[in-house]
> 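Questions regarding the structure given below will be posed in turn.
In this text the structure is predicted, and so the values were computed from the model without any measurement. Worth knowing before you read on, the calculation uses all heavy atoms, side chains too, and leaves out hydrogens, waters and symmetry mates.
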Amino acid sequence: MTPRLFKPSYLLWVGPLAALWLTFHTLGLPHVIWSYTWRDNGHGMSLSVPRIYVRCRFIGPYGEFDVPATGGNCAWVRFFHEETR
């Protein structure tokens with residue numbers, strides 16, 4: 001009986017690695033919220049009044065991205081590509 005030099009189970013790492021590569025190339029890398037600007041309705045820093053955000057600044061591996069808020073809200077994490085700078 002000869003030993004098997006190759007088993008299909010040796011390729012199990014290919015699937016997760018391909019998924020990471022595909023995610024990186026389609027979504028980009030994650031950047032977290034750093035600061036934001038909101039429309040002041042005369043309530044100052046009061047947290048009891050809902051805020052309408054205008055601009056959101058994200059930082060991450062590709063640097064800073066200053067983007068307009070979507071629907072008056074800022075996400076905690078957004079994905080960016082290096083080319084969008």
> Could you walk me through whether Val32 and Phe58 pass the side-chain contact (heavy atoms from CB on, under 4.5 Å) check?
CA-CA 5 Å; Val32 296; Phe58 296 91; 5.8 Å; no

> Closest approach of Pro61 and Pro30, non-hydrogen atoms and distance?
CD-O, 3.4 Å

> About how many Å separate CZ of Phe24 and CG of Leu29, when rounded to the nearest 0.5 Å?
5.0 Å

> Do Tyr10 and Val14 sit in one hydrophobic cluster, given that two such residues count as connected whenever their side-chain heavy atoms are within less than 4.5 Å of each other, even indirectly?
yes

> Take Val67 and Phe80, measure what side-chain contact (heavy atoms from CB on, under 4.5 Å) needs, and give me the verdict at the end.
CA-CA 11 Å; Val67 296; Phe80 293 101; 4.1 Å; yes

> Is it true that atom OH of Tyr53 has more than 12 heavy atoms of other residues, nucleotides or ligands lying nearer than 6.0 Å?
yes

> Minimum heavy-atom separation for Cys56 to Ile33, with atom names?
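Where Cys56 meets Ile33 most closely, the heavy atoms are CB-CD1, 3.8 Å.
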
> Taking only residues two or more places apart in sequence or in another chain, which ones pass salt bridge (charged side-chain N to carboxylate O under 4.0 Å, His left out) with Asp66?
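By the salt bridge (charged side-chain N to carboxylate O under 4.0 Å, His left out) rule, Asp66 matches Arg55, Arg57.
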
> Considering residues at least two apart in sequence or located in another chain, which fulfil the ring-ring contact (aromatic ring centres under 6.0 Å, His included) criterion with Trp76?
none

> So, taking the atom named CH2 in Trp21 and the one named OG1 in Thr26, what distance separates them when rounded to the nearest 0.5 Å?
9.5 Å

> Could you pull out the closest heavy-atom pair between Phe79 and Leu27, with the gap in Å?
CB-O, 3.1 Å

> Verify, without hydrogens or angle tests, whether His31 (side chain) and Phe65 (backbone) share a donor-acceptor contact under 3.5 angstrom.
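Checking the backbone N and O of Phe65 against the side chain of His31, no donor-acceptor pair under 3.5 Å is found.
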
> Got a second to check how far Arg78's CZ is from Thr70's OG1, nearest 0.5 Å?
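Rounded to the nearest 0.5 Å, the CZ-OG1 separation comes out at 6.5 Å.
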
